[in-house]
Amino acid sequence: MKRLLRGGTVINGSGAVLADVLLDGEKVAAVGRNLDAAGAEVVDAAGMLLLPGFIDAHTHFDLDVCSTTTADDFAAGTRSALRGGTTTVVDFACPNKGESLQYGLDLWHRKADGRCACDYGFHMTIDDWNGQIRAELPAMFDAGISSFKMYMTYPAMMIGDRDLFEALTAIGELGGIAGVHCENSGVIDALIARRLAAGETGPGSHPLSRPAPLEAEAVGHLLRMAQVAGTPVVIVHLSAEESLLEVRAARARGQKVYVETCPHYLLLDDRVYFQEDYSAAARYVCAPPLRKPTDCSALAAALSADEIQTISTDHCSFTLAQKDAGRDDFTRIPGGLPGVETRGTLIYSALAAPGTLSLSQMVRVLSEQPAKLYGMWPRKGVIAPGCDADIVVYDPDADTVIAAADQLSAAGYTPYEGFRTRGSIRSVYLRGTLAVDRGQVLEDRLGQYVKREKPIFF
C-alpha cells in the first residue's frame, strides 16, 4: 500500500525541509516537493512536523526486581511506547549469575516475540564473567546484539574491576559497545547502613545515600579502565553535572565516550523525595536518584552543546502498591519510573519548542544517534528513501496536559502529572502502517525483532 504524507515539515538530524513523504509498503520511497500521488492514499500533513520514529534504547519490560516484576510487560510497555511515538525499543536481556548469555537471550525472546506493538531489540547484560561468557560473545553479534550492559553497583549484577576490564576489552575487540551503570557501590552501602542505623528509613534517605559524587567517581573510574581497554563506552542514565566533568576530561584525552540521559533528570529534581506523604515521595525512587535543579540545568546546557548523544527513558515501571514495599525501609522500594509514553512530547515541549534544542538536535538525540550507536542506521533514525517508514506526525498546536488517567502504562501513575505540553502526537506510522491515530492505538502486534549491526561511532 502506498501513502503520501503531503505538505509537512520533514525533520531529520541534518535539517528541516518542507516536503511530501511517499510510503510504499514498509519503506520510505521518496521525499520531495510535489510528489506524484498516483495510486497512493493522500494524507494532509500541512502544519505538521514529520519526525523519524523515536528510538528508546533503554527500557526494562517484564523484569524481576526487588522480589517483584515490573508493571509493564512487553505487550503493555511497547503499546505505551508506540502511542508516545517510539517505534523501536532496545530492552535488556538479563541472565542471572551462573546462566549463559544464550539462556538470557532465549528467555527475553520468549517474553517479547509476538507480543510487541513496536519494533524491538536487546542489549545483553553481563553480570558474570568467565571463559564461557567470553566465548559466547561472537554468537551474540550473530544474533543481532552488538551492545552490552554492565553494572558498577548492585551485588547481583556487578562483576568487579578485573572482570569489567576484561569484558570491556573483549567487547571492544569485537567492535561492540558497552553501556555501564556508574555508581560507587561500596560507599553507597556504607551510607545506606548509616541511614538505616539512624532510623532514617523514608524515601528522603534514598538520594542522600547515593549522592552525585559517587556517580562521578564511578564514571571517572570506568573511563580510565575504558581508556586502557581502548573500548568506546556509553554512560547510561547520566544524572549529574559532576559526571559530565569526568566525561569532558576523557574526551579531552581522545576517548570515545557517549552519554545517555533521561527526561526525569532534565525535568525533575530531588525535592520530590522529601514530601511528607510516603507514596508521593516513593514513586520517584530510581537509581541514580533525581538530582539538584542545577544538575537539570547543566544537562540541558550539555544537550544544547551536543555533549549528550541520546535521551532514553530507563522505563522501569512499578505500581504505587509495589512501591509500598519499602514503607519501613527505603532500600526495599523497587527503583524505576515509567516514562516511555511521554518522552518525545516532553523533550519537544520542554527543550525544542522553547529553543534550548533545535528540532534537528531533538531528532538526533531521540532517533538518529541511537540508531547509529546501536547498529540500526540507516534503516532507522531518518526519513529518507529506503529507510523503514517509521514516522511520527507531530501537531505543534495541539497542546494537552499529561495525566495518569490517559496513560497506557500499567504503572497507574506518571511522574509528569499535570505537565502542560506544547503540541502533541497526531499519528504514528510503524513500517508504513498507521499504528496510532489521535491517541488511539490501532495496531498493537506489528513489532518485529531488529537484528542489529555493529555500532557506527561518531
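No donor-acceptor pair under 3.5 Å is formed between the side chain of Thr313 and the backbone N or O of Gly339. With Asp73 contributing its side chain and Ala75 its backbone, the two residues share a donor-acceptor pair below 3.5 Å. The backbone N or O of Ala404 sits nowhere less than 3.5 Å from a side-chain atom of Tyr413 that would complete a donor-acceptor pair. A donor-acceptor pair is defined here as one N or O able to donate and one able to accept, closer than 3.5 Å; such a pair exists between the side chain of Glu136 and the backbone of Leu101. Tyr258 places a side-chain N or O within 3.5 Å of a backbone atom of Phe458 that can act as its donor or acceptor partner. The main-chain N or O of Phe61 is never found under 3.5 Å from a side-chain atom of Lys111 such that the two would form a donor-acceptor pair. Without hydrogens or angle criteria, Asp388 side chain to Arg431 main chain gives no donor-acceptor distance under 3.5 Å. A donor-acceptor pair is defined here as one N or O able to donate and one able to accept, closer than 3.5 Å; no such pair exists between the side chain of Asp189 and the backbone of Gly186.
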From CA spacing to verdict: side chain to side chain contact (heavy atoms under 4.5 Å, CB included), Thr261, Ile311: CA-CA 5 Å; Thr261 195; Ile311 300 176; 4.3 Å; yes
Full working for side-chain hydrogen bond (donor to acceptor under 3.5 Å, both in side chains) between Ser312 and Glu260: CA-CA 7 Å; Ser312 301; Glu260 168 198 273; 3.2 Å; yes
Verdict with reasoning, Leu137 to Met124, per side chain to side chain contact (heavy atoms under 4.5 Å, CB included): CA-CA 10 Å; Leu137 291 181; Met124 178 55 64; over 6 Å; no
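Counting non-hydrogen atoms of other residues, nucleotides and ligands closer than 6.0 Å to CZ of Arg248 gives a total above 12. By the neighbour-count criterion of 12 heavy atoms within 6.0 Å, atom NZ of Lys27 is densely surrounded, having more than that number from other residues, nucleotides or ligands. For Arg445, the CZ atom sits in a packed shell: over 12 heavy atoms of surrounding residues, nucleotides or ligands are nearer than 6.0 Å.
Aromatic ring orientation, Tyr394 versus Tyr348: tilted (interplanar angle from 30° to 60°). Between Phe141 and Phe148, the angle of the ring planes lies from 30° to 60°, which puts this pair in the tilted group. Ring orientation note: the planes of His181 and His237 are nearly perpendicular, at an angle over 60° on the 30°/60° scale. Classified by interplanar angle (parallel below 30°, tilted 30° to 60°, perpendicular above 60°), the ring pair Phe92/His60 is parallel.
Counting heavy atoms from C-beta on, the side chains of Glu215 and Ser239 come closer than 4.5 Å. Using a 4.5 Å heavy-atom cutoff, the side chains of Thr201 and Leu196 are in contact. Using a 4.5 Å heavy-atom cutoff, the side chains of Val43 and Ser427 are not in contact. Contact annotation: the side chain of Leu223 approaches that of Ile235 to within less than 4.5 Å [non-hydrogen atoms, C-beta and beyond]. In this structure the side chain of Ile391 reaches within 4.5 angstrom of the side chain of Leu23, judged on heavy atoms. Side chains of Trp108 and Cys94 form a contact here, defined as non-hydrogen atoms less than 4.5 Å apart. Leu299 has its side chain within reach of Leu238: a pair of non-hydrogen atoms, C-beta onward, lies under 4.5 Å apart. Residues Ile188 and Glu183 meet the side-chain proximity criterion, which asks for heavy atoms closer than 4.5 Å.
Between Thr356 and Ser304, the closest heavy-atom pair is O-OG, 3.2 Å. Heavy atoms only, all atoms of each residue included: Thr70 and Cys316 are closest at CG2-SG, 3.8 Å. Here the closest heavy-atom approach between residue Ser367 and residue Gly53 is recorded as OG-O, 3.3 Å. Taking all atoms of both residues into account, the shortest heavy-atom contact from Asp119 to Lys380 is OD2-NZ, 2.6 Å. Pairing each heavy atom of Leu82 with each of Ala117, the nearest pair is CD2-O, 3.6 Å. Nearest heavy-atom pair across Ala81 and Cys118 is CB-SG, 4.4 Å.
A donor and an acceptor atom, one from each side chain of His315 and Thr59, are nowhere located under 3.5 Å apart. Under the 3.5 Å distance criterion, with hydrogens and angles disregarded, a donor-acceptor pair is assigned to the side chains of Thr69 and Asp64. Side-chain N/O atoms of Asp113 and Tyr120 include a donor and acceptor closer than 3.5 Å. A donor atom on one side chain and an acceptor atom on the other are not found under 3.5 Å apart for Thr414 and Gln407. For the residue pair Asp72 / Ser317, a side-chain donor-acceptor distance below 3.5 Å is found, with atom types taken as modelled. Side-chain contact, Glu368 with Asn12: no donor N or O sits under 3.5 Å from an acceptor N or O. With no hydrogens or angles considered, a side-chain donor-acceptor pair links Lys149 and Tyr151 at under 3.5 Å. With hydrogens and angles left out, the side-chain atoms of Asp127 and Thr125 include no donor and acceptor closer than 3.5 Å.
To the nearest 0.5 Å, atoms SG (Cys387) and CE (Met376) are separated by 13.0 Å. With rounding to the nearest 0.5 angstrom, the CD1 atom of Ile333 is 7.0 Å from the NZ atom of Lys323. Residue Ile308 holds its CD1 atom at 4.0 Å from CG of Leu303, rounded to the nearest 0.5 Å.
Under 4.0 Å is where a charged nitrogen must lie from a carboxylate oxygen, and between Asp406 and Arg83 at least one such pair does. We find that Glu453 and Arg379 are not joined by a salt bridge, their nearest charged nitrogen and carboxylate oxygen being 4.0 Å or further apart.
The aromatic ring centroids of Phe122 and His109 lie less than 6.0 Å from each other. Between Tyr374 and His123, the distance from one ring center to the other falls under 6.0 angstrom.
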